[in-house]
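Lettering follows sequence order; numbering is per chain, from 1.
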Amino acid sequence: MLQQTTVKAVISYYERFLTHYPTVQDLAAAPLEDVLHLWAGLGYYARARNLHACAKRVSERGGFPNTVEELLTLPGIGAYTARAIAAIAFGRPVVPVDGNVERITARLNATEEPLPAARPLLAKQAALLNADPDAQSRPSDFAQALFDLGATICTPRNPTCLTCPWQTSCIAHARGIAAQLPAKQPKQTRPTRYGIHFLLHDSNGQALLRTRPPTGLLGGMDELPGTDWRSAPWSEDEALTHAPCLTDWTHRGEIRHVFTHFTLYLTVYEAYLPQSHNAGIDSSFGTFRSTTRAALPGVMKKCLALTKQTPETR
DNA sequence: GATCCGTGGGG
DNA sequence: TCCCCAAGGAT
């Protein structure tokens, strides 16, 4: 959960997750659908799919591997997580390299090569950080101390070098360039995409929902039926030709959602099916289900939040 | 190596 | 409002 996600955002999800799945066997035995439901809103949903697959592997092999090499073979576990588990759970003297450790390392060594090209070099330099026997004897404490140093002192902006225990050995600080490191490659502009989605209620308080393909963007998550997300905006007439059925659609509003690599604007139409008409909708648009039981990503929760809202509350 | 993959908070 | 960044991994 902590991959690319802040502790604050994770905590409530983590606690709820462990309540449902106290052991790795519990997680391995759970349907992926339930796992995605518990993950909904946290983002990077491949992590949930990988964690579930990982639990199955661990359960099948009768326990967790305790070496970096074996951990690396598990789904969702890469160079960072393998070392974090090895150090924190199994006391192996390795240094997990996350964003914090990359930043600390770049500053200690005044490494000016920009990310991401500098990553292999920073990994080699970071592996030497625990050369001190005291560090080697407490791999878990040392790893977490590095995370905390990066989170509280050696921060991305305005690092508080005055209180840093490593100030005297930091080359970047000596040169007065700590705050500028690590350098980063300029990023490309984020494109914009547009889509239309339809919120159709039946007479039982359920909504028309469909499940996205198992991999890729929002893989395995649920959504309101709608159009593709394309670079050109949709006209109202064109949009309505993609509706699940002919009925009295109300333009309910628009939402904006920023993904990692594009910004999305969605227009939402809403309608209520009369009691006698909740059949005859093509299955490609989904099925009528409870929205509270669905695995809805943040972008779809925004769409649902538009229902019956007045402009003043928006 | 470059891309793809969410969401929330801080400055 | 906008940009940055977060206990990264897979393809």
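- Cation-pi geometry between Arg16(A) and Trp39(A) is not satisfied (NZ or CZ under 6.0 Å from the ring centre, within 45° of the ring normal).
- Summarising the geometry, the separation between CD on Glu113(A) and C1' on dG1(B) is reported as 12 Å, rounded to the nearest angstrom.
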* If a protein heavy atom is under 4.0 Å from the base, mark B; if only from the sugar-phosphate, S; if neither, -; do that for nucleotides 3-11 of chain C going 5' to 3'. => -SSBBBSS-
* To do: Walk me through it: do Arg230(A) and Glu238(A) pass the test salt bridge (charged side-chain N to carboxylate O under 4.0 Å, His left out)?
  => CA-CA 13 Å; Arg230(A) 69 181 194 188; Glu238(A) 185 183 16; 3.1 Å; yes
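- Phosphate proximity of dC5(B) to His261(A): present, with a side-chain N or O under 4.0 Å from OP1 or OP2.
- For His257(A), a side-chain nitrogen or oxygen approaches OP1 or OP2 of dT7(B) to under 4.0 Å.
- Nearest nucleotide to the Pro297(A) side chain, out of dT7(B), dC5(B), dG10(B): dT7(B).
- If you take CE of Met1(A) and P of dG6(B), they are 15 Å apart, rounded to a whole angstrom.
- Nearer to the 5' terminus of DNA chain B, by closest-nucleotide assignment, is the contact made by Ala117(A) (compared with the other of Val258(A) and Ala117(A)).
- Using a 30° and 60° split on the angle between ring planes, Phe198(A) and Tyr269(A) fall in the parallel class, below 30°.
- Between the side chain of Arg47(A) and the main chain of Tyr44(A), a donor-acceptor pair closer than 3.5 Å is present.
- Whole-Å rounding puts the Arg256(A) CZ to dG6(B) P distance at 18 Å.
- Nucleotides dT11(C) and dG6(B) are separated by 14 Å at their P atoms, to the nearest Å.
- Separating the CD1 atom of Ile11(A) from the P atom of dG8(B) is a distance of 16 Å, rounded to the nearest angstrom.
- Crowding of Lys56(A) atom NZ: a count of heavy atoms from other residues, nucleotides or ligands under 6.0 Å not exceeding 12.
- Comparing Pro120(A) and Gly41(A) by the nucleotide of DNA chain B that holds the closest heavy atom to each, the one mapping nearer the 5' end is Pro120(A).
- For the pair Arg193(A) and Phe262(A), the cation-pi criterion (under 6.0 Å, within 45° of the ring axis) is fulfilled.
- With respect to Glu70(A) and Arg61(A), a salt bridge is recorded, a charged nitrogen being found less than 4.0 Å from a carboxylate O.
- Distance check on atom C1': dA7(C) versus dT3(B) gives 23 Å, rounded to whole Å.
- For the pair Leu42(A) CG and dG8(B) P, the computed distance is 9 Å after rounding to whole Å.
- Separating the CH2 atom of Trp39(A) from the P atom of dC5(B) is a distance of 18 Å, rounded to the nearest angstrom.
- For Glu223(A) and dG6(B), the CD to C1' distance is 15 Å, given to the nearest whole Å.
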